[in-house]
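The structure under discussion appears below in the form of structure tokens.
In what follows, every heavy atom counts, from backbone to side chain, and hydrogens, waters and symmetry copies are set aside. Every chain is numbered from 1 and lettered A, B, ... according to where its sequence line falls, protein lines coming before strand lines.
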Amino acid sequence: MASKPLPLGFYERRPDVVARELLGKTLVRRIGGEALEGVVVETEAYFGLEDPASRAYRGMKEYNRVMWGEPGRLFVYNVHKYWMLNVVAHEPDGVGGVLFRAVEPREGIGRMAENRPVSSLRELTSGPGRLSVALGVTRELNGLPVTDPGGPMVVLDAPPVLDLCASHRIGVKEDLPEELRFYVRGNGFVSG
DNA sequence: AGGAAGATCTACT
DNA sequence: GTAGATCTTCCTA
């Protein structure tokens with residue numbers, strides 16, 4: 001289990017490619033001396049000025065400028081009371097990111113359940129707002145790299161997921177023709 | 001200063 | 001399946 005953080009180069013590709021390949025990787029949140037871990041089971045890709053559903057669509061603002069910046073850094077922003085956890089991903093001089101929509105809890109489940117009390121385990125992290133509460137994600141993480149082994153949030157490498165599905169993105173007002181949501185087939189922690 | 005929108009969630013019918 | 005809550009950010013005045 002000596003998995004290392006995914007390198008910067010992993011994120012220096014198109015957001016849709018990164019979103020697909022992030023499935024099965026391990027998301028680690030270090031907080032209060034504990035490591036809260038989950039396997040990524042659902043993601044969505046967002047592009048830049050050409051993507052009407054993207055936070056980058058209406059141009060660079062203070063809150064979204066990390067989408068133009070170095071890949072492999074967190075982009076955290078608020079919608080409807082919840083913090084959305086993204087990682088910046090794009091080709092050189094590009095814009096984009098990947099939204100973490102669901103993880104399967106692995107470590108630190110007790111602490112996650114304190115952060116977000118639920119009656120069944122499946123409700124703990126099966127949604128972008130849900131997983132942020134469970135993992136203690138706030139805007140303090142915005143701009144931090146996920147490639148630093150000792151950082152407050154890291155993505156560790158793991159074998160690729162072979163049995164995956166794609167669909168249109170969920171909850172967006174105006175989507176692109178491409179299917180940009182990716183999830184592990186049959187996994188119980190996928191939202192929806 | 002005020003209103004509206006939003007990549008959501010929960011509860012209820 | 002639909003409605004309402006909730007809060008950060010943006011846009012207009």
Close side-chain approach of [X] and [Y], heavy atoms under 4.5 Å:
| X | Y | value |
| --- | --- | --- |
| A:Phe10 | A:Asp157 | no |
| A:Glu21 | A:Arg13 | yes |
| A:Val76 | A:Leu85 | yes |
| A:Val40 | A:Val155 | no |
| A:Arg106 | A:Thr26 | no |
| A:Phe189 | A:Val39 | no |

For nucleotides 2-5 of chain B, print each protein N/O atom paired with a nucleotide N/O atom at under 3.5 Å, atom names and distance only.
none

Whole angstrom value for the distance that separates [atom2] of [N] from [atom1] of [X]:
| X | N | atom1 | atom2 | answer |
| --- | --- | --- | --- | --- |
| A:Glu42 | B:dT8 | CD | C1' | 13 Å |
| A:Lys81 | C:dG4 | NZ | P | 17 Å |
| A:Ile170 | B:dT8 | CD1 | C1' | 11 Å |
| A:Arg101 | B:dA7 | CZ | P | 11 Å |

Query raised in the report: Has the side chain of A:Thr147 got a donor or acceptor atom that lies under 3.5 Å from a matching backbone atom of A:Leu8?
Result: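 Not at all, since once roles are kept as given, no pair shorter than 3.5 Å links the two residues.
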Sorted by first residue and then second, give each salt bridge (Lys or Arg N to Asp or Glu O under 4.0 Å) pair with at least one member in [range]; sequence neighbours left out.
| range | answer |
| --- | --- |
| residues 77-93 of chain A | none |
| residues 128-142 of chain A | none |
| residues 159-172 of chain A | A:Asp51-A:Arg169, A:Asp163-A:Arg185, A:Arg169-A:Asp175 |

Query raised in the report: For DNA chain B, what string of dots and brackets results from 5' to 3' when Watson-Crick and G-U pairs need both distances under 3.5 Å, crossing pairs get [ ], and pairs with another strand get |?
Result: ||||||.|||||.
Query - Stepwise side chain to side chain contact (heavy atoms under 4.5 Å, CB included) test for A:Glu178 and A:Asp16 - result: CA-CA 10 Å; A:Glu178 297 89 350; A:Asp16 51 337; over 6 Å; no
Query raised in the report: By side chain to side chain contact (heavy atoms under 4.5 Å, CB included), which residues pair with A:Val133, not counting sequence neighbours?
Result: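 By the side chain to side chain contact (heavy atoms under 4.5 Å, CB included) rule, A:Val133 matches A:Tyr82, A:Arg116.
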Requested in this report: Only counting residues at least two apart or in another chain, list the ones meeting side chain to side chain contact (heavy atoms under 4.5 Å, CB included) with A:Glu107.
Outcome: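 Partners of A:Glu107 under the side chain to side chain contact (heavy atoms under 4.5 Å, CB included) test: A:Glu37.
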Query raised in the report: According to the side-chain hydrogen bond (donor to acceptor under 3.5 Å, both in side chains) rule, which pairs have a member within residues 62-74 of chain A, sequence neighbours left out?
Result: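 Qualifying pairs: A:Glu62-A:Arg65, A:Glu70-A:Arg73.
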Query raised in the report: For residues 44-58 of chain A, which residues have at least one heavy atom under 4.0 Å from DNA chain B?
Result: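 Residues of residues 44-58 of chain A under 4.0 Å from DNA chain B: A:Tyr46, A:Ala53, A:Arg55.
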Could you pull out the protein-nucleic contacts involving nucleotides 10-13 of chain B (nitrogen or oxygen on both sides, under 3.5 Å)?
unit_1: B:dT10; atom_1: OP1; unit_2: A:Arg116; atom_2: NH1; d: 2.5
unit_1: B:dT10; atom_1: OP1; unit_2: A:Arg116; atom_2: NH2; d: 3.0
unit_1: B:dT10; atom_1: OP2; unit_2: A:Arg130; atom_2: NE; d: 3.0
unit_1: B:dT10; atom_1: OP2; unit_2: A:Arg130; atom_2: NH2; d: 2.7

Query raised in the report: Of all of residues 60-80 of chain A, which get a heavy atom below 4.0 angstrom from DNA chain C, listed by number?
Result: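 Heavy-atom cutoff 4.0 Å gives A:Lys61, A:Tyr63, A:Asn78.
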Query raised in the report: Other than A:Ile170, what residues sit in its cluster of Ile, Leu, Val, Met, Phe, Trp and Tyr side chains whose heavy atoms are under 4.5 Å apart, directly or through others?
Result: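 So far as hydrophobic clustering goes, A:Ile170 is joined with none.
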